[in-house]
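This report refers to the structure that appears directly beneath it.
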Amino acid sequence: MERSKQKQMNESENEADSAINGHFDGRVKIPGWSAGGAAGTPSTAPSSSVMESWREERTRSLEDNEMSLPSIAAAYTTILRGLGEDPQRQGLLKTPWRAATAMQFFTKGYQEKIIDVLNDAIFDEDHDEMVIVKDIDMFSMCEHHLVPIFGRVHIGYLPNKRVLGLSKLARIVEIYSRRLQVQERLTKQIAVAITEALQPAGVGVVVEATHMCMVMRGVQKMNSKTVTSTMLGVFREDPKTRDEFLTLIRS
């Protein structure tokens with residue numbers, strides 16, 4: 001019996017040692033969430049593929065940008081010819097290079113890691129009331145059509161003795177939005193990153209966006225907006241907390 005207890009203690013210590021900013025291999029701990037739905041009971045939930053984005057290495061560097069720029073520009077030249085244009089006419093002479101550098105900027109989130117942004121901006125603070133930053137401008141690129149997505153992001157979290165520098169919430173949005181995206185994944189990535197960084201009692205993220213693939217092509221519905229949300233911890237389990245967050249972001 002004693003040997004069994006000692007084994008469990010050793011396994012717990014090894015698990016704690018393997019954590020990096022609250023990230024465990026294959027699992028994410030979300031305070032206030034449990035498989036049985038009991039709010040306030042810390043539990044372990046299976047992680048989804050978005051969890052990998054927290055610990056992944058940068059997939060692109062400034063050196064990569066310089067090396068790949070000629071090939072991207074050449075691809076745009078091919079596209080211009082395929083559209084029936086003359087890449088040599090005056091107005092288009094520098095367009096492939098401009099388009100290539102613009103696309104690299106639109107996807108600069110691949111050059112950054114969340115962990116680098118947050119390491120010096122997490123503070124111990126005895127604050128347990130809701131923190132909300134709303135109307136964060138967001139610009140992204142639809143990975144299905146390579147056209148813009150733009151809108152606003154609203155973030156709220158319930159601190160658990162730790163808070164995050166307010167500007168860093170906007171930085172998290174910037175890093176994940178400046179990639180080829182779908183809105184559903186973007187919303188969850190933001191929420192999971194905040195959960196992993198702070199281990200708060202709960203996190204809520206709402207994204208309202210216009211997709212140019214719906215406005216400029218396809219159904220061409222000019223005033224359509226897509227709204228997605230991710231609620232974790234008490235934001236998911238406690239209707240009053242969730243309603244307070246949704247009311248405050250609408251005010």
Side-chain angles (χ1 to χ4, degrees), residues 49-118 135-153 155 167-193 205 207-222 224-228 230:
S49 60
V50 298
M51 295 304 306
E52 298 303 317
S53 60
W54 171 265
R55 53 183 172 176
E56 71 186 3
E57 294 299 318
R58 296 177 186 83
T59 56
R60 208 174 77 205
S61 66
L62 293 176
E63 291 76 15
D64 292 332
N65 280 352
E66 294 179 7
M67 292 179 63
S68 63
L69 189 60
S71 61
I72 298 174
Y76 275 111
T77 299
T78 301
I79 290 172
L80 288 173
R81 290 198 181 99
L83 295 175
E85 270 289 359
D86 176 13
Q88 296 304 311
R89 71 177 177 85
Q90 186 180 22
L92 295 178
L93 277 175
K94 295 183 179 180
T95 295
W97 287 91
R98 294 191 190 102
T101 54
M103 184 59 74
Q104 287 181 341
F105 180 81
F106 296 155
T107 59
K108 64 187 179 72
Y110 291 121
Q111 299 166 208
E112 299 179 282
K113 288 173 62 178
I114 296 292
I115 195 169
D116 294 338
V117 171
L118 302 187
D135 296 327
I136 301 171
D137 289 330
M138 179 276 295
F139 300 93
S140 191
M141 295 289 289
C142 168
E143 67 179 35
H144 298 146
H145 304 96
L146 298 185
V147 294
I149 304 169
F150 60 92
R152 299 179 299 172
V153 179
I155 299 173
S167 67
K168 302 304 181 182
L169 295 172
R171 286 293 303 276
I172 292 173
V173 172
E174 184 75 0
I175 289 173
Y176 283 126
S177 64
R178 293 293 188 173
R179 301 179 181 187
L180 302 183
Q181 279 287 12
V182 296
Q183 186 174 329
E184 297 87 343
R185 182 172 67 236
L186 170 63
T187 309
K188 183 167 285 188
Q189 284 178 325
I190 295 168
V192 168
V205 177
V207 179
E208 306 172 69
T210 296
H211 294 241
M212 297 309 289
C213 54
M214 288 183 64
V215 173
M216 290 183 66
R217 59 169 297 283
V219 295
Q220 299 183 54
K221 300 301 182 184
M222 297 297 295
S224 65
K225 283 189 178 181
T226 301
V227 180
T228 51
T230 295

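The structure presented is a predicted model; accordingly, all values stated were derived computationally and were not measured. This chain uses plain numbering: 1 for the first residue, then up along the sequence.
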- Quick one: pull up CD1 in Ile175 and CD1 in Ile190 and give me the separation to the nearest 0.5 Å. 10.5 Å
- Item | Set of side-chain contact (heavy atoms from CB on, under 4.5 Å) partners for Pro87, sequence neighbours left out | Thr77, Leu80, Arg81
- Item | With sequence neighbours excluded, residues passing side-chain contact (heavy atoms from CB on, under 4.5 Å) with His145 | Cys142, Val147, Cys213, Arg217
- Message: If the condition is side chain to side chain donor-acceptor pair (under 3.5 Å), which residues does Thr107 pass it with, not counting sequence neighbours?
- Response: Arg60
- Under the salt bridge (charged side-chain N to carboxylate O under 4.0 Å, His left out) rule, collect the residues that match up with Glu85, sequence neighbours excluded. Arg89
- Item | By side chain to side chain donor-acceptor pair (under 3.5 Å) - contacts of Glu174 (at least two apart) | Lys108, Arg178
- Check whether any side-chain N or O of Arg152 sits under 3.5 Å from a backbone N or O of Asp137 as a donor-acceptor pair, and report yes or no. no
- Query: Are Asp64 and Tyr110 side-chain neighbours, meaning at least one heavy-atom pair lies under 4.5 Å?
  - Reply: no
- Query: With a 4.5 Å limit on heavy-atom distance, are the side chains of Val215 and Gln220 in contact?
  - Reply: no
- Message: Looking at Leu62, is its backbone amide N or carbonyl O close enough to the side chain of Asn65 to form a donor-acceptor pair, meaning the two atoms are under 3.5 Å apart?
- Response: no
- Item | Within-4.5 Å side-chain heavy-atom neighbours: Thr230 and Val192 | no
- Flag the pair Val182 / Glu143 as yes when at least one side-chain heavy-atom distance between them is below 4.5 Å, and no otherwise. yes
- Message: Assess, by modelled atom type and distance only, whether the side chains of Glu184 and Thr228 contain a donor and an acceptor separated by less than 3.5 Å.
- Response: no
- Can you see which heavy atom on Ala209 is nearest to which on Gln183, and at what distance? CB-OE1, 3.3 Å
- Could you check if a side-chain atom of Val227 sits within less than 4.5 angstrom of a side-chain atom of Val207, using non-hydrogen atoms only? no
- Query: Is it true that a side-chain atom of Ser140 and a backbone atom of Arg179 form a donor plus acceptor pair closer than 3.5 Å?
  - Reply: yes
- Message: Within the structure provided, determine whether Ile172 and Val117 are in side-chain contact (heavy-atom separation under 4.5 Å).
- Response: no
- Task: Return yes if some donor-acceptor pair links the side-chain N/O of Gln181 with the main-chain N/O of Tyr176 below 3.5 Å, else return no.
- Result: yes
- Query: Cut-off 3.5 Å, side chains only: do Gln104 and Gln111 have a donor facing an acceptor?
  - Reply: no
- Mark yes when over 12 heavy atoms from residues, nucleotides or ligands other than Gln90 sit less than 6.0 Å from its CD; otherwise mark no. no
- Query: To the nearest 0.5 Å, what is the distance between CG (Asp135) and CD (Glu208)?
  - Reply: 8.0 Å
- With sequence neighbours excluded, tell me which residues meet side chain to side chain donor-acceptor pair (under 3.5 Å) with Lys225. none
- Mind listing the closest non-hydrogen atom pair of Met138 and Ser177 along with its distance? CG-CB, 3.6 Å
